[in-house]
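We count ligands from 1, going down the list as the structure has it; atoms in each ligand are counted the same way. These numbers come from a predicted model, not from an experiment.
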Amino acid sequence: MEIGRLSLKNNVILAPMAGITNLPFRSLVRRFGCGLAFTEMISANGLVRGTEKSYRYLSTATGDKPLGVQIFGSDPAVLAAAAEIVTDQGAELIDMNMGCPVRKVIKTGAGAALMRDPAKVGIILQRVRKATPLPLTVKIRSGWNPREIRAVEISGIAEDCGVDAVIVHPRTADQGFSGSADWSVIEAVKKKLRIPVIGNGDIRSSQDAFRMITTTGCDGVMVGRAALGNPWIFMDILSCLRHDKPGQTLIQSERKRVIREHMNMEILYLGEHLGIRNFRKHLLWYTKGMKGGSLFRQKVCNIQDKNLILKEICHFFHSDEEVDNVS
Ligand SMILES: Cc1cc2nc3c(=O)[nH]c(=O)nc-3n(C[C@H](O)[C@H](O)[C@H](O)COP(=O)(O)O)c2cc1C
C-alpha cells in the first residue's frame, strides 16, 4: 500500500491510542507484522511551546518504522509549525486528528469539533500541507452527530488539499465509543476519493478485517482496541488477508514470552517504577476472560517488584521456567 511517497509492507495499521501506543507497544506490534504504527495524539500547542511531555511522545528508535505521528489542534499556524517540528524529528508520516471526541479537546475547537467546520478544515490542511513534505493523512469520524454526517465532504476537502490518505472511524463524535461503527460510511468515502482510504472501527478479529476490506473496498485497515492484550492480532489478520481464511494465533507459551518481553520493554523505556505502573493495565488485558484471571489481577495489582510480577506471569501461564532467565 502506498501513502504518498511512503510504501508500506502491508495495509494493516495500528491505531493511535492515547496512553497506549508508546514506543514499547509499537515495537511489539511491529514484530507481528503491523505495516504502520502511530504515536498517540500529540498537542500541536505542546510541541510549539516545547513541553517535555509532548516531545516525549515523539520518542522513537531505529526499528520503530514506519512511524506516523498524530497531531491535534485547531490553530492553522500552530498546526503548521508543529508539522515542521515533527518533520524535523524524523517521522515518516503525519496524521491530523479530526476525530477525538474528548471534551477537553473539542472545547478548544480541535479533534472531532473540526468535523463541524469544513472551511476551517480546508485552511488547516492547506497550511499543514505547505509545512511538510511528509505523507499527510487525516483521521476523521463520520461527523459530529447523526444529523451532521460529513465524512464524504471532509475527505473530499482533504484530498483537494493534497492529503495522501484518509482514515475513517465511522462513529459520530457524540457516539463516543458506543453503538457500532457504520462501515457504509467508509464505503461512501472510498467511492468518492482517489487517494487511499483506511477503514477503522470495530475490527475485533482477522475475519472482521477481511470483511471490512471486502465490503467497503477500503485500501487498508486500522486496528485499535482489538490489539490490547492481543498484539499478535496483526499476525492473524495478515495471514487471513493473505490466505483468505482464519489466521494463525500464538500458543500459550509464546504469549507468555511476548508478555514478559513487553514488560521488559516498558521498564527499559520508562524505568522500573513507571514501567511497571504503565504495564499493569496491559497485564489486565492480557488475562481478560482467562480462567483464574481475576485472581491473578488482584494479586499483581499491588506488586511493585519486577521479578515478583514475572514470577506471577510464569505461574499464571503455567510455566516452571526460572524467573531469573526471563529478563
Ligand atoms: C484508549 C484509547 C485511546 C485513543 N486515543 C486516540 C488518539 O490519541 N488519537 C486518535 O485518533 N484516536 C484515538 N483513539 C481511537 C482509535 O484510534 C480508534 O479510532 C477507535 O478505537 C476505533 O477503532 P477500534 O474499534 O479498532 O478500537 C483511541 C481509542 C482508545 C480506545
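The side chain to side chain contact (heavy atoms under 4.5 Å, CB included) search around Lys191 returns Glu187, not counting sequence neighbours. Partners of Asp160 according to the side chain to side chain contact (heavy atoms under 4.5 Å, CB included) rule, which considers only residues two or more places apart in sequence or in another chain, do not exist here.
Nearest heavy-atom pair, Ala209 versus Ile203, reported as atom, atom and distance to 0.1 Å: N-CG2, 3.8 Å.
Using modelled atom types and a 3.5 Å distance limit, the side chains of Asp182 and Ser184 yield a donor-acceptor pair.
Listed by chain and number, residues touching ligand 1 at under 4.0 Å (heavy atoms only) are Ala15, Pro16, Met17, Ala18, Ile20, Met41, Gln70, Asn97, Lys139, His169, Phe177, Asn200, Gly201, Asp202, Val223, Gly224, Arg225.
For Phe296 and His315, the distance between ring centers is not under 6.0 angstrom.
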Report, one line per pair, each donor and acceptor closer than 3.5 Å where one atom sits in a side chain of residues 78-88; sequence neighbours left out.
unit_1, atom_1, unit_2, atom_2, d
Thr87, OG1, Ala83, O, 2.6
Thr87, OG1, Thr132, OG1, 2.8

